[in-house]
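Here the structure is laid out as structure tokens; the discussion comes afterwards.
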Amino acid sequence: MERELVNWLIRLGAPLLFFAQAFGIFGVPIPDELLLTIAGALIASGRLNLLSTVAAAFLGCVTGITMSYALGRWVGLPVLHARFRSHREAIERAQELFRQFGGWLLTFGYFIPGVRHVTAIAAGSSSLGYNRFAAYAYPGGLLWCSVFLCLGYFAGDRWPEVARAVRTHASRLALVVAAVLAAYVLIRIVADRRRT
């Protein structure tokens with residue numbers, strides 16, 4: 001499968017990456033991190049253009065997360081629960097995480113498998129306005145794309161090993177990101193209480 005992804009990326013380049021990111025973030029089962037890692041390795045080898053690949057990855061990510069936000073805004077939580085019964089647990093988990101961590105979940109939720117697909121829907125179905133949503137979600141998308149593109153870029157020809165390691169340790173990475181996020185929120189709460 002990985003060799004096929006390489007061939008598709010070489011043949012179709014930035015447009016493939018854009019659509020894969022947009023629909024992957026929106027919830028279509030696409031190996032986002034793997035594609036970004038491969039794209040980074042292809043940039044390093046000169047087979048993909050740096051600027052167009054980074055732009056396609058980021059713009060695809062922003063498009064997907066915005067579509068998810070719009071879905072949450074337009075249909076609301078009750079319709080989502082009724083329509084996506086099989087994803088009810090993930091939606092409820094994202095709602096709870098969103099209540100706890102607010103906009104920061106949009107920034108770092110990309111790194112938590114299964115959460116990034118519903119975080120923006122939860123934000124859209126809450127009272128979070130578009131400007132605040134964009135202020136958290138778009139920098140998070142840039143960070144997420146950059147991390148995996150850089151992993152592939154610096155791994156170079158060794159990207160298959162790096163991709164396997166990322167898949168193997170994704171849950172540990174998610175826990176680390178969640179712990180950092182929780183620590184940040186705790187520090188903010190303590191600082192706010194001391195000021196008042």
Side-chain angles (χ1 to χ4, degrees), residues 1 5 8-9 12-40 42-43 48 51-77 79-81 83-84 86-95 97-98 101-126 128-152 163 166-167 170 173-174 177-178 181:
M1 179 179 124
L5 289 174
W8 288 348
L9 273 171
L12 303 172
L16 172 70
L17 194 57
F18 172 83
F19 286 109
Q21 289 302 103
F23 290 110
I25 295 292
F26 192 62
V28 176
I30 293 173
D32 301 316
E33 289 94 347
L34 180 60
L35 273 173
L36 289 170
T37 304
I38 293 170
L42 292 174
I43 291 169
L48 285 180
L51 202 52
S52 64
T53 304
V54 171
F58 174 66
L59 293 173
C61 182
V62 166
T63 300
I65 201 86
T66 304
M67 288 188 316
S68 294
Y69 174 81
L71 178 67
R73 176 67 67 200
W74 289 332
V75 298
L77 200 55
V79 174
L80 290 173
H81 280 299
R83 188 84 172 116
F84 300 103
S86 62
H87 298 290
R88 186 182 196 115
E89 187 177 306
I91 293 170
E92 288 174 2
R93 190 171 100 200
Q95 282 288 122
L97 287 169
F98 193 74
F101 301 111
W104 292 106
L105 184 61
L106 287 166
T107 303
F108 297 103
Y110 291 96
F111 293 94
I112 305 171
V115 172
R116 74 171 157 260
H117 305 295
V118 293
T119 307
I121 295 171
S125 63
S126 73
L128 188 71
Y130 174 77
N131 289 340
R132 254 188 93 212
F133 158 78
Y136 286 104
Y138 295 172
L142 182 61
L143 175 66
W144 182 67
C145 289
S146 299
V147 164
F148 288 101
L149 286 170
C150 286
L151 271 174
V166 166
R167 279 195 302 265
L173 178 64
V177 170
L181 181 60

Q) Could you state the interatomic distance from OH (Y69) to OG (S125), rounded to the nearest 0.5 Å? A) 10.0 Å
**Q.** For the student: nearest non-hydrogen atoms of S52 and A14, plus distance
**A.** O-CB, 3.6 Å
Q) What closest approach, in Å, do C145 and Q21 show between heavy atoms, and which atom pair accounts for it? A) SG-NE2, 4.2 Å
(Q) If I take atom CG from residue D32 and atom OG1 from residue T37, how far apart are they, to the nearest 0.5 angstrom? (A) 10.5 Å
Q: Specify the closest pair of heavy atoms between W144 and I25, including all atoms of both residues, with the distance to one decimal.
A: CZ3-CD1, 3.7 Å
Q. Between CZ of F148 and CG of L36, what distance do you get to the nearest 0.5 Å?
A. 7.5 Å
Q: Name the orientation class of the two ring planes belonging to Y138 and F133 (parallel below 30°, tilted from 30 to 60°, perpendicular beyond 60°).
A: perpendicular
(Q) Within the 4.5 Å heavy-atom criterion, are I65 and C61 side-chain neighbours or not? (A) no
Q. What distance do I121 atom CD1 and M67 atom CE have between them, rounded to the nearest 0.5 Å?
A. 10.0 Å
(Q) Between F19 and T63, is there a side-chain heavy-atom distance shorter than 4.5 Å? (A) no
Q.
The criterion is side-chain contact (heavy atoms from CB on, under 4.5 Å); which residues satisfy it with L48, sequence neighbours excluded?
A. A39, L42, I43, T53
Q: Can you see which heavy atom on T66 is nearest to which on Y130, and at what distance?
A: CG2-CE1, 4.4 Å
Q. Atom CZ of F18 and atom CZ of F23: how far apart are they, to the nearest 0.5 Å?
A. 8.0 Å
